Amino acid sequence: MAKRKKRWINLDKISVIMSVYNEKKVWINQSIESIINQTYKNIEFIIVLDNPDNEDIKRLLKFYEEQDNRIKLIFNQKNMGLVKSLNIALSECTGKYIARMDADDICKLDRLSIQKKYLETNNLDFVFSSMIIIDEESNELYSTNMEQLDYKQVKSYLEKGNISTHPTWFLKAEVYNSLNGYRTINSCEDYDFILRALKKEFKIGKIGQNLLQYRIRNNSISRSSSLEQFLNSRGILKLYKNNNLEKDKNLFEVLQQSKLKSSKHESQKFLKANNKYYQGVFLFKNNSKLKGIFIIFCCLFESKYFVLKMIDTLKYKILTLKLF
């Protein structure tokens, strides 16, 4: 990514960045409304449309721009993908703080106020939070871990696996500027970024509150490329531990290996196992513990890579239990 131009920074302003592609209009409505109706009012909302041929979405975004002068629209000339779209949005930010948002998620209306206060009170550079997982019909499925973590705990956890919830990120603009935004990784760009932030010794904390509803979509990129994302995560973490994460050549090799292993057949098996796993988790958390455990156990026979994921998860649970 090219160096971004210096911009005047408003010390009280929060810049919210969001990329829109093919989300349902009702989801986009809910997402935008949850930002423009935040209790914290001094914001700018930078929205990048990465699907310039979708006239319905374009009209909807222009309607909101006309209604609220805090909204700034950017229309890509062609589809560029999430990472490049986010970097384009970052280049336009003028706030001291930057918050991530997705076009199919819904914020709690005091999300930004809570995150800003928590970050400043605890002398942090970067925070994320717990969130509620919802389905395509907005039904609540389950909550992510609601444990509150200080920066030492977050660092220890992140050095074992990615616990951060990307759509809930809230951080100082200087963190993005120092790292020159996201690197071009089709999936796992968030883990790459947050590990590089750790290397720069930025202090990261986790708020133990559900501040966002995160929508799981059947055709989302994160689901269809879940095997590649998992393999990228393992490779990126290994680079981090070996102090090789900043070297683009090493990163490229990791990404290539992940792509080679993520054949259509293996990806489908991994996704099937992953879907079953979350069904089991949902049942376990909703008073069907034996049935949930049985479904989770059956996942191990679906995909050899999912077995690796379960081993990593088990190691993580054991290590974090010993640490804390």
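Residue numbers count from 1 along this sequence. On a predicted model such as this, the values are computed, not experimentally measured, just so you know.
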> Would you call Glu92 and Lys72 a salt bridge, taking side-chain N to carboxylate O under 4.0 Å as the test?
Replying inline: yes
> Is a side-chain donor or acceptor of Gln279 paired with a backbone partner of Ile295 at a separation under 3.5 angstrom?
Replying inline: no
> Less than 4.5 Å apart, any side-chain heavy atom of Asp190 and any of Ile194?
Replying inline: no
>> Could you check whether any side-chain N or O of Ser178 sits under 3.5 Å from a backbone N or O of Val175, counting only pairs where one atom can act as donor and the other as acceptor?
In response: no
> So which of Val16, Ile207, Thr39, Leu211 actually passes side chain to side chain contact (heavy atoms under 4.5 Å, CB included) with Arg111?
Replying inline: Leu211
> How about Tyr97 and Gln115: do any of their side-chain heavy atoms sit closer than 4.5 Å?
Replying inline: no
> For the salt bridge (charged side-chain N to carboxylate O under 4.0 Å, His left out) test, which of Lys172, Lys96, Lys203, Lys200 pairs with Asp125?
Replying inline: Lys172
> Just checking, is any N or O donor in the side chain of Lys199 or Asn243 under 3.5 Å from an acceptor N or O on the other one?
Replying inline: yes
> If only atom types and distance count, is the side chain of Asp110 paired as donor or acceptor with the main-chain N or O of Ile114 below 3.5 Å?
Replying inline: no
> How far does CG of Leu109 sit from CD1 of Ile35, to the nearest 0.5 angstrom?
Replying inline: 9.5 Å
> Sub-3.5 Å donor-acceptor pair from the side chain of Ser262 to the main-chain atoms of Ser258, do we have one?
Replying inline: yes
>> Do Gln30 and Ser138 make a side-chain contact, defined as non-hydrogen atoms from C-beta onward lying under 4.5 Å apart?
In response: yes
>> Between Gln153 and Asp150 (side chain of the first, backbone of the second, donor and acceptor by atom type, cut-off under 3.5 Å), is there such a pair?
In response: yes
> Of all heavy-atom pairs between Tyr240 and Leu195, which one has the smallest distance, and what is that distance?
Replying inline: CE1-O, 3.6 Å
> Does Tyr151 have its ring centroid less than 6.0 Å away from the ring centroid of Phe202?
Replying inline: no
>> Do Lys309 and Phe306 make a side-chain contact, defined as non-hydrogen atoms from C-beta onward lying under 4.5 Å apart?
In response: yes
> Any donor and acceptor pair, going by atom type alone, linking the side chain of Glu228 with main-chain N or O of Ser226 inside 3.5 Å?
Replying inline: no
>> I'd like to check Lys269 versus Glu302 (side-chain heavy atoms, cut-off strictly below 4.5 Å). Are they in contact?
In response: no
>> Whether the side chain of Ser15 engages the backbone of Gly95 through a donor-acceptor N/O pair (distance < 3.5 Å, no angle test) should be reported.
In response: yes
> Is Lys62 salt-bridged to Glu65, cutoff N-O under 4.0 Å?
Replying inline: no
>> Quick check against the 3.5 Å criterion: does Asn51 have a side-chain atom that pairs as donor or acceptor with the backbone of Val20?
In response: no
> Do Lys206 and Ser130 have side-chain N/O donor and acceptor atoms under 3.5 Å apart?
Replying inline: yes
> Going through the checks in order, is the ring pair (Phe, Tyr, Trp, His ring centres under 6.0 Å) test met by Phe270 and Phe230?
Replying inline: CA-CA 10 Å; Phe270 186 87; Phe230 166 68; 5.6 Å; yes
> Considering only heavy atoms from C-beta outward, does the side chain of Ile32 approach that of Ile47 to under 4.5 Å?
Replying inline: yes
>> With a 3.5 Å distance limit and no angle check, can you tell me whether Arg100 reaches the backbone of Thr168 through a side-chain donor-acceptor pair?
In response: no
Side-chain atoms of residues 74-84: list all donor-acceptor pairs with protein atoms under 3.5 Å, sequence neighbours left out, distances to 0.1 Å.
unit_1: Asn76; atom_1: ND2; unit_2: Asp50; atom_2: OD1; d: 2.7
unit_1: Asn76; atom_1: ND2; unit_2: Ser85; atom_2: OG; d: 3.1
unit_1: Asn79; atom_1: ND2; unit_2: Asp50; atom_2: O; d: 3.2
unit_1: Asn79; atom_1: ND2; unit_2: Asp50; atom_2: OD2; d: 2.7

>> Looking at Asp68 and Arg70, is there a salt bridge between them, counting it only when a charged N and a carboxylate O are closer than 4.0 Å?
In response: yes
>> Which label fits Tyr182 and Phe193: parallel for a plane angle under 30°, tilted from 30 to 60°, or perpendicular past 60°?
In response: tilted
>> Tell me whether Arg183 contacts the main-chain N or O of Asp192 through its side chain, where contact means a donor paired with an acceptor under 3.5 Å.
In response: no
> Heavy-atom distance under 4.5 Å between the side chains of Ile43 and Ile14, does that happen here?
Replying inline: yes
